[in-house]
Amino acid sequence: MADNDQQQDERCVTVIFNPKSGQEDPEQRKAGISEALAAHGYTCQYVVTTPEQGAQHYATEALRHSADVLAVSGGDGTVVEAMSALIGT
């Protein structure tokens, strides 16, 4: 059972994060996401979108690196862009 507990502790969510989305302070949004996921045994790794590196790029990279779980924090455009990389996987 200890091995299973260790696996639980190592679960990491890769969060594709658009800091321009929403009206709340981006750092407050990150803190809220981290707290909510930590309550369920997850750690977070944030990748922040820019005009040059969008959500599709980061979703593709997450797949390539076998991310445990992928989440998106952004508006409709960010979500659609990230999901377009996941179609057919």
Side-chain angles (χ1 to χ4, degrees):
M1 182 137 180
D3 289 336
N4 192 24
D5 290 341
Q6 185 177 8
Q7 285 179 337
Q8 292 281 101
D9 292 340
E10 294 175 359
R11 296 184 301 176
C12 177
V13 177
T14 299
V15 181
I16 298 173
F17 187 83
N18 181 345
K20 302 293 185 187
S21 177
Q23 296 177 4
E24 187 178 3
D25 175 64
E27 294 305 313
Q28 288 180 335
R29 282 182 32 224
K30 281 184 183 179
I33 293 166
S34 294
E35 288 174 20
L37 291 171
H40 295 281
Y42 289 94
T43 60
C44 295
Q45 168 187 317
Y46 289 93
V47 290
V48 179
T49 63
T50 65
E52 297 78 27
Q53 295 288 327
Q56 184 174 15
H57 166 78
Y58 288 119
T60 300
E61 286 297 301
L63 284 173
R64 193 167 69 85
H65 294 286
S66 302
D68 295 330
V69 179
L70 182 63
V72 180
S73 175
D76 294 351
T78 305
V79 172
V80 168
E81 196 178 320
M83 294 305 106
S84 70
L86 304 178
I87 293 172
T89 62

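Computed over heavy atoms, backbone and side chain alike; hydrogens, waters and symmetry mates excluded.
Considering only residues two or more places apart in sequence or on other chains, P19 meets the side-chain contact (heavy atoms from CB on, under 4.5 Å) condition with F17, P26, V48, T49. With sequence neighbours excluded, the residues forming a side-chain contact (heavy atoms from CB on, under 4.5 Å) with Q56 are T60, E81, S84, A85, listed by chain and number.
With hydrophobic clusters built from ILVMFWY side chains whose heavy atoms lie under 4.5 angstrom apart, L63 shares a cluster with V72.
Between the side chain of R11 and the backbone N or O of H40, at least one donor-acceptor pair lies under 3.5 Å. R29 places no side-chain N or O within donor-acceptor distance of the main-chain N or O of G22, the cut-off being under 3.5 Å.
Shortest non-hydrogen contact noted between A59 and A82 is CB-O, 3.5 Å. Of all heavy-atom pairs spanning V79 and G74, the tightest one is CG2-O, 4.3 Å.
Side-chain N/O atoms of S73 and Y46 include no donor and acceptor closer than 3.5 Å.
With rounding to the nearest 0.5 angstrom, the CD atom of Q45 is 9.5 Å from the CG atom of D68. Between T50 atom OG1 and Y58 atom OH the span is 5.5 Å, to the nearest 0.5 Å.
A 4.5 Å side-chain heavy-atom check between V47 and H57 finds every atom pair outside the cut-off. A 4.5 Å side-chain heavy-atom check between L70 and L86 finds at least one atom pair inside the cut-off.
In this structure, D76 places its CG atom where only 12 or fewer heavy-atom neighbours from other residues, nucleotides or ligands lie under 6.0 Å away.
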